[in-house]
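One structure is given here, and the rest of the page talks about it.
Count residues from 1 along the sequence. Values below: every heavy atom of this structure, side chains too, minus hydrogens, waters and symmetry copies. If you're wondering where the values come from, they're calculated on a predicted model, not measured in any experiment.
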Amino acid sequence: MSNGRDDKSAMDGRTPANYDARRDDRFSRALQAATEKHPGPLFTPSASPTDDRGEDEPQVDPKLAEADVIEVAAASAEAETGPPQPREALVDETPEHTSRIERKLTLRDRISASWGGAQQKLSAMDWTPDLARNIGTGQWWRGSLTFVGLSAVALAFWPDFSPATAAPAVNLDDQARDEFRSQMILPLALGGDSGRRMSATEAVLPLKSAPERPTLELVSTLSEGDSFRRMLQRAGVGAGDARSIASLIGGAVDIETLEPGTRFNIVLGRRPAAGEPRALEAIDFRAKFDLALALERSGDGFALNRKAIRVDNTPLRIRGTVGSSLYRSARAAGAPAPAVQAYLRTLSSKVGMDSIASSDTFDFVIEYRRAETGEAKSGKLLFAGLERGGKPRAQLLRWGKNDQFFEASGVGEQRGGMVSPVNGPISSRYGMRRHPILGYRRMHSGNDYRARRGTPIYAITDGVVQYAGRKGGFGNFVKLGHGNGLASGYAHMSRIAVRNGVRVRQGQVIGYVGSTGLSTGPHLHFEVYRNGRAVNPNSVRFVRRAQLEGAELRAFREKLSNLKRIEPGAALVNLAPSGGSQAEPVREIDRADEPAADSDAVEAP
């Protein structure tokens with residue numbers, strides 16, 4: 001509701017909206033009255049140029065003070081409206097109130113206009129620009145400040161994840177805590193000693209020295225690069241006892257030959273005095289696969305006992321069908337992994353692994369030792385064989401001091417590269433020389449191998465026979481092509497064992513040593529050709545093939561026959577103890593099931 005004062009102001013037209021017009025009108029009339037009152041000094045003609053209308057504008061005299069003009073205007077307004085009324089009589093019509101309202105409205109309008117302009121500017125600004133564009137511009141720096149500010153706010157309100165400490169359910173003192181601890185069970189593996197005794201009270205007096213166990217049994221292992229004496233001292237044996245034991249055991253076996261991983265069972269006795277190492281009571285270990293040693297204290301020294309262990313050295317033979325995997329089948333048959341790997345390595349030098357069929361039969365023999373205590377130890381590969389349809393495809397036996405594998409025929413294995421064309425020394429090498437028959441110097445385009453007539457000549461590597469027949473001074477001559485521009489020639493043969501166009505394998509016999517053509521005696525003239533030109537054969541790497549003969553060949557075949565007579569898998573059975581099997585003690589409950597003996601029975605005479 002509006003009061004009567006507001007209604008009266010509205011009826012008189014004195015609303016705030018008309019204050020500006022009324023103020024200008026009053027000031028104009030007051031200024032006109034002052035001009036009439038003071039005609040001279042108020043205004044002076046303008047010295048400025050005329051305006052568009054060509055008339056001169058009157059200018060206020062600067063000599064007239066502003067206070068005089070205000071005073072004249074106020075006096076003129078008072079003459080028209082009368083003296084000022086009290087505030088209670090007419091508040092809305094006083095000039096002071098009107099001016100104050102006008103100033104308030106003007107300030108509010110200015111604030112509103114300023115705030116509206118600020119809102120428009122803020123809304124027009126991009127506060128989150130793409131920081132990957134326009135780097136270094138004002139817009140980019142504004143976006144960077146926005147990012148830094150938001151990050152600072154996020155970090156300021158970051159939650160704290162520190163654990164909250166809760167008050168204990170029960171306020172325990174030290175005595176109560178010890179009582180609870182004595183009744184709980186802690187893991188013994190972590191060194192817990194609770195759950196065994198009640199906590200100590202004031203009546204318990206601590207001991208000056210805790211008692212020790214009378215004996216201490218432990219196991220020590222000889223590690224790689226460790227010494228025997230250092231291992232004993234690390235286990236707690238005194239330096240004096242360690243020297244005595246090392247000297248005593250060194251007389252039985254070579255301590256340096258003890259294998260890493262050997263376990264020693266050690267028994268330590270009481271200490272002679274506080275702070276000194278325990279005295280050694282006994283020690284036993286496996287010195288060799290077939291020997292165990294035991295030492296016991298006897299008076300001031302030690303007594304050494306040797307215990308021989310019965311060992312069976314029968315080789316282990318593994319035989320079976322290849323199936324889907326040769327390695328898995330051999331492992332399933334009981335072969336150790338190192339033995340299977342050695343077998344595959346040896347077999348691959350004779351047979352291509354991709355040519356092995358699932359129906360083929362693998363057969364190999366390895367060194368094997370069984371002890372009566374149950375241990376087993378495998379050794380080197382002795383024989384490697386492969387059969388197809390009951391016929392051997394490969395039979396390789398380890399023979400000789402160099403552990404070389406020989407075929408069943410007595411021919412040594414080849415280890416890669418090219419084999420020597422004949423088993424014999426070189427008598428004349430590649431180069432210029434005086435021809436023994438023609439008598440003048442000319443190029444000797446190959447090597448001469450001295451050998452007896454009829455000695456087999458081998459192909460140095462796989463190839464195809466390009467020529468086989470008579471060829472001038474070379475006599476009986478064979479030329480093999482090996483591909484990639486490489487070829488080899490064999491001259492002065494007594495007999496040729498191949499024909500043109502035949503493919504030969506490395507090590508295959510292609511002829512025999514003779515003395516045909518321009519030759520002074522049995523030998524092989526060997527040449528190597530590269531792209532049709534003879535080159536130095538010494539630049540080609542050869543691998544000689546050994547051939548067993550005579551008594552050595554007979555011994556070789558006998559050993560091969562003995563290995564092939566071994567029953568497959570027989571060595572996998574545990575070796576029975578030498579003392580025989582002992583019957584287990586009969587339990588009392590088992591005796592109750594036996595029929596009771598008749599006390600009245602009479603033994604027959």
Side-chain angles (χ1 to χ4, degrees), residues 181-182 185-200 204-311 369-377 575 577-579 582:
R181 184 178 180 278
S182 64
I185 299 177
L186 297 177
L188 297 179
L190 300 180
D193 57 352
S194 59
R196 303 178 183 176
R197 56 180 177 78
M198 297 296 292
S199 58
V204 177
L205 300 178
L207 298 176
K208 295 182 179 180
S209 61
E212 293 183 339
R213 298 172 57 182
T215 58
L216 182 63
E217 299 180 1
L218 52 91
V219 178
S220 183
T221 304
L222 183 64
S223 59
E224 185 74 27
D226 199 1
S227 66
F228 180 69
R229 290 176 55 182
R230 186 165 53 248
M231 182 271 301
L232 292 177
Q233 293 181 5
R234 189 173 58 252
V237 180
D241 290 345
R243 284 194 299 269
S244 301
I245 295 172
S247 177
L248 191 60
I249 293 178
V253 295
D254 186 4
I255 296 181
E256 300 297 332
T257 61
L258 295 178
E259 297 182 358
T262 303
R263 297 166 62 88
F264 296 82
N265 300 317
I266 302 175
V267 179
L268 300 178
R270 296 182 181 275
R271 301 178 188 273
E276 295 187 4
R278 288 175 176 266
L280 178 66
E281 295 294 335
I283 181 174
D284 64 89
F285 63 99
R286 189 78 165 262
K288 297 181 180 179
F289 191 74
D290 57 353
L291 177 64
L293 297 179
L295 288 86
E296 294 183 357
R297 180 174 291 277
S298 176
D300 296 336
F302 296 91
L304 176 64
N305 297 324
R306 296 179 177 88
K307 180 181 179 182
I309 301 175
R310 188 167 67 93
V311 175
R369 306 181 71 189
R370 295 177 298 163
E372 62 178 346
T373 54
E375 296 86 2
K377 187 177 182 180
L575 187 63
S578 57
Q582 298 179 358

Step by step, would you call L216 with V267 a side-chain contact (heavy atoms from CB on, under 4.5 Å)?
-> CA-CA 6 Å; L216 182 63; V267 179; over 6 Å; no
Let me see the working for D284 and L295 under side-chain contact (heavy atoms from CB on, under 4.5 Å), right down to the final yes or no.
-> CA-CA 6 Å; D284 64 89; L295 288 86; over 6 Å; no
Going through the checks in order, is the side-chain contact (heavy atoms from CB on, under 4.5 Å) test met by L232 and I245?
-> CA-CA 9 Å; L232 292 177; I245 295 172; 4.2 Å; yes
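Of all non-hydrogen atoms in E372 and A308, the two that sit nearest each other are OE2-O, 4.1 Å. Considering every non-hydrogen atom in both P277 and P272, the closest pair reads O-CD, 3.4 Å. Nearest approach of G269 to R278, heavy atoms of both residues: O-NH1, 2.9 Å. Taking both residues in full, the closest heavy atoms of A371 and I309 are given as CB-CG2, 4.0 Å, listed atom of the first, atom of the second, then distance.
With a 4.5 Å cut-off on side-chain heavy atoms, L222 and F285 do not count as touching. Between F264 and T221, every side-chain heavy-atom pair lies at or beyond the 4.5 Å cut-off. Contact annotation: the side chain of L291 never approaches that of K307 to less than 4.5 Å [non-hydrogen atoms, C-beta and beyond]. Within the 4.5 Å cutoff, the side chain of E296 has no heavy atoms near those of the E281 side chain. Considering only heavy atoms from C-beta on, L268 comes within 4.5 Å of V237 through its side chain. L293 is listed as a side-chain neighbour of L304, based on a closest heavy-atom distance under 4.5 Å.
Evaluation of the ring pair (Phe, Tyr, Trp, His ring centres under 6.0 Å) rule for F302 yields no partner, not counting sequence neighbours. Take R306 and apply the salt bridge (charged side-chain N to carboxylate O under 4.0 Å, His left out) test, not counting sequence neighbours, and it matches no residue.
The existence of a salt bridge linking R310 and D290 is excluded, since no basic side-chain nitrogen approaches an acidic carboxylate oxygen closer than 4.0 Å. Under a 4.0 Å N-O distance rule, the pair E212/R270 does not qualify as a salt bridge. Between D241 and R297 there is a salt bridge, since at least one side-chain N of the basic residue sits less than 4.0 Å from a carboxylate O of the acidic one. A salt bridge links R286 with E375: the distance from a Lys NZ or Arg NE/NH1/NH2 to an Asp or Glu carboxylate oxygen falls below 4.0 Å.
S220 OG to D226 CG: the interatomic distance, rounded to the nearest 0.5 Å, is 8.0 Å. To the nearest 0.5 Å, atom CD1 of residue I266 and atom CG of residue L218 are 5.5 Å apart.
Remark: R271 CZ is packed, more than 12 non-hydrogen atoms of other residues, nucleotides or ligands lying under 6.0 Å away.
Proximity of a side-chain donor or acceptor of S244 to a complementary backbone N or O of G240 within less than 3.5 Å is detected.
Applying the salt bridge (charged side-chain N to carboxylate O under 4.0 Å, His left out) definition to pairs two or more places apart or across chains, those involving residues 250-261 are E259-K377.
A cation-pi geometry, defined here as NZ or CZ lying under 6.0 Å from the six-membered ring centre and within 45° of its normal, does not hold between R230 and F228.
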